[in-house]
Peer 1: 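What follows is a structure written as structure tokens; I'll ask about it next.
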Amino acid sequence: MESQLVSVRKGAWAPEEDILLRRCVLQYGEGQWHLIPERAGLKRCRKSCRLRWLNYLKPSIKRGVFQEDEVDLIIRLHRLLGNRWSLIAGRIPGRTANDIKNYWNSCLCKKVGVRGRWPEHQQKKHR
DNA sequence: AACTGCTTCAACCGCTGATCG
DNA sequence: ACGATCAGCGGTTGAAGCAGT
């Protein structure tokens with residue numbers, strides 16, 4: 001249950017929100033995400049803040065196109081680990097699980113020859 | 001130029017596992 | 001042991017941009 005009963009903002013992040021979040025995480029460090037919105041003065045839920053930091057604001061993140069060796073590594077790791085995106089991301093410096101997942105679903109699916117995004121009629125929750 | 005379908009990617013949702021009291 | 005809460009994950013959605021007609 002999200003403890004934010006006050007109106008929580010959704011949708012795309014504004015540059016000012018990025019600045020507040022970055023400042024807050026740099027000051028207090030990662031972790032304690034439930035406290036971040038309050039500390040930063042953001043009307044966002046902790047999930048949203050965490051995702052934004054991990055996927056876009058973190059200084060170590062590498063943007064731009066995937067290099068050939070990265071693609072090769074992703075394919076091999078995926079063969080090994082399956083859809084364990086966070087594990088795959090952990091072995092590719094500067095790339096996030098969300099990035100890799102998106103790249104896989106949009107590009108590599110076809111390249112590797114997986115039919116469609118997922119096996120036909122795959123249940124939404126199957127863990 | 002306008003319309004339409006496709007692709008990409010940022011963000012959200014719902015769930016599970018870990019932790020704590 | 002158990003319920004509540006939090007962190008983290010994978011799957012999905014939707015908007016924006018692009019390409020083709």
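Numbers restart at 1 for each chain; the letters A, B, ... are given by sequence-line order, proteins then strands.
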Peer 1: I need the residues from residues 50-68 of chain A with at least one non-hydrogen atom less than 4.0 Å from DNA chain B; give them sorted by number, or say none.
Peer 2: A:Leu51, A:Arg52, A:Tyr56, A:Arg63
Peer 1: Return the value, rounded to whole Å, for the distance between atom CG of A:Asn105 and atom C1' of B:dT7.
Peer 2: 12 Å
Peer 1: To the nearest Å, give me how far apart CG (A:Asn83) and P (B:dC15) are.
Peer 2: 19 Å
Peer 1: What is the distance, rounded to the nearest whole Å, between atom CG of A:Asn102 and atom P of B:dA11?
Peer 2: 11 Å
Peer 1: Does the A:Ser48 side chain pair with the main chain of A:Arg44, one donor and one acceptor, at a distance under 3.5 Å?
Peer 2: no
Peer 1: Whole angstrom is fine here: how far is it from OH in A:Tyr103 over to P in B:dA10?
Peer 2: 15 Å
Peer 1: A:Tyr103 pairs by side-chain contact (heavy atoms from CB on, under 4.5 Å) with which of A:Val71, A:Asn98, A:Val65?
Peer 2: A:Val71
Peer 1: Below 4.5 Å, heavy atoms only, C-beta onward: do A:Arg63 and A:Ile61 meet side chain to side chain?
Peer 2: yes
Peer 1: In whole Å, what is the span from the CG atom of A:Asp99 to the P atom of B:dA10?
Peer 2: 7 Å
Peer 1: Starting from P on C:dG10, measure out to CD1 on A:Ile100 and report it in whole angstrom.
Peer 2: 10 Å
Peer 1: To the side chain of A:Asn98, which of C:dA7, B:dA11, B:dC12 is closest?
Peer 2: B:dA11
Peer 1: What residues in residues 11-18 of chain A put a non-hydrogen atom under 4.0 Å from any atom of DNA chain B?
Peer 2: A:Gly11, A:Ala12, A:Trp13
Peer 1: Between B:dC12, C:dC6, C:dG10, which nucleotide has the shortest distance from any of its atoms to the side chain of A:His34?
Peer 2: C:dC6
Peer 1: In whole Å, I'd like the distance from the CH2 atom of A:Trp85 to the C1' atom of B:dT16.
Peer 2: 19 Å
